[in-house]
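Encoded as structure tokens, the structure appears first; notes follow it.
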Amino acid sequence: MIDWTEELLTQIEAFSRVALSYLDTDGYPVVLPFPLVFDRDKRCFTLPIPHQAPVPASEEQVSLTLLHYDEQTKFERYLLFYGHLTETGNEWIFTPSEVVLPRWRRRA
């Protein structure tokens, strides 16, 4: 279960693109880049289905990684979600069920 705090919602909106990851029906990993389209009220992401996209083997084993290049630190920031993918006409709706927040540690 995700704690949808205002801080998390603001953080999501700061990212600029996403990468959808899943296994196709042949068991091969698929990673597809998309622009970020997030519905704050419904708490889901809308992704256009690419022409001839490989079909996910399971709608339950899907992850979505939000990406943003931080110019100040010269580093790529990310935020990882696991969730459920549904098809609605020519779009996929990704509904997150779990968020993996990065934990940074300093080396000793």
Side-chain angles (χ1 to χ4, degrees):
M1 186 71 156
I2 297 175
D3 183 13
W4 292 101
T5 64
E6 185 62 31
E7 179 184 349
L8 178 59
L9 294 170
T10 301
Q11 189 177 3
I12 289 169
E13 292 169 346
F15 286 85
S16 55
R17 61 195 190 287
V18 301
L20 180 72
S21 304
Y22 60 87
L23 294 178
D24 74 1
T25 54
D26 293 331
Y28 290 102
V30 175
V31 178
L32 301 171
F34 292 99
L36 176 66
V37 180
F38 178 70
D39 187 320
R40 193 178 239 265
D41 296 327
K42 294 180 182 177
R43 292 176 169 55
C44 65
F45 296 86
T46 304
L47 312 167
I49 298 176
H51 181 66
Q52 298 181 344
V55 177
S58 167
E59 293 180 347
E60 298 293 331
Q61 297 177 347
V62 179
S63 67
L64 190 76
T65 305
L66 280 61
L67 301 162
H68 174 72
Y69 183 74
D70 188 334
E71 191 65 43
Q72 187 176 22
T73 63
K74 305 290 186 207
F75 190 72
E76 190 87 56
R77 292 185 357 198
Y78 70 93
L79 186 61
L80 176 64
F81 289 94
Y82 292 101
H84 183 77
L85 190 67
T86 55
E87 185 175 328
T88 59
N90 60 348
E91 294 178 326
W92 279 325
I93 304 296
F94 178 84
T95 306
S97 58
E98 182 181 350
V99 61
V100 180
L101 297 171
R103 294 184 184 163
W104 305 107
R105 295 184 184 177
R106 291 185 179 200
R107 293 185 178 184

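Hydrogens, waters and symmetry mates play no part in the numbers below; they use all other heavy atoms, side chains included.
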Which distance, rounded to the nearest 0.5 Å, do you find between the CD of Q11 and the CZ of R77?
6.5 Å
Of the non-hydrogen atoms in V31 and P33, which two are nearest, and what is the gap between them?
O-CD, 4.1 Å
Rounded to the nearest 0.5 Å, how far does NE2 of H84 lie from SG of C44?
11.5 Å
Go through the steps for L9 and R43 under the test side chain to side chain contact (heavy atoms under 4.5 Å, CB included), then give the verdict.
CA-CA 9 Å; L9 294 170; R43 292 176 169 55; 3.9 Å; yes
In Å, rounded to the nearest 0.5 Å, how long is the span from CG of L85 to CH2 of W92?
6.0 Å
Any link between L66 and V30 through a network of hydrophobic side chains (Ile, Leu, Val, Met, Phe, Trp, Tyr) touching at under 4.5 Å?
yes
Grouping I, L, V, M, F, W and Y whenever their side-chain heavy atoms are under 4.5 Å apart, do I2 and I93 come out in a common cluster?
no
Taking the inter-plane angle between the rings of F81 and F45 on a 0 to 90° scale, is it parallel (under 30°), tilted (30 to 60°) or perpendicular (over 60°)?
tilted
Out of curiosity, F94 CZ to Y22 OH, how far, rounded to the nearest 0.5 Å?
13.0 Å
What's the separation between atom NZ in K42 and atom OG1 in T95, rounded to the nearest 0.5 Å?
10.0 Å
Which atom of P35 lies closest to which atom of V18, heavy atoms considered
O-CG2, 3.9 Å
Side chain to side chain contact (heavy atoms under 4.5 Å, CB included), that's the test. Do T88 and T46 meet it? Break it down for me.
CA-CA 10 Å; T88 59; T46 304; over 6 Å; no
Stepwise, does the side chain to side chain contact (heavy atoms under 4.5 Å, CB included) test hold for T10 with R40?
CA-CA 10 Å; T10 301; R40 193 178 239 265; 3.8 Å; yes
A quick test of your reading: do over 12 heavy atoms of other residues, nucleotides or ligands sit less than 6.0 Å from CD of E7?
no
Start with the C-alpha gap between D3 and L8, add the side-chain angles, then the distance that decides, and say whether side chain to side chain contact (heavy atoms under 4.5 Å, CB included) holds.
CA-CA 8 Å; D3 183 13; L8 178 59; over 6 Å; no
Which heavy-atom pair separates R17 from Y69 by the least distance, and what is that distance?
NH1-N, 4.2 Å
Looking at G89 and I49, what are the two nearest heavy atoms and their distance?
O-CD1, 3.9 Å
Heavy-atom pair of closest approach, residues P48 and F34
O-CE2, 3.0 Å
If we check side-chain contact (heavy atoms from CB on, under 4.5 Å) with L47, which of these qualifies: V37, L32, L64?
L64
Could you pull out the closest heavy-atom pair between L80 and S63, with the gap in Å?
CD1-CB, 3.9 Å
Does the D24 side chain pair with the main chain of D26, one donor and one acceptor, at a distance under 3.5 Å?
yes
Please say whether more than 12 non-hydrogen atoms of neighbouring residues, nucleotides or ligands are located less than 6.0 Å from CD in Q61.
no
Would F38 and F15 count as a close aromatic pair, with their ring centres under 6.0 Å?
no
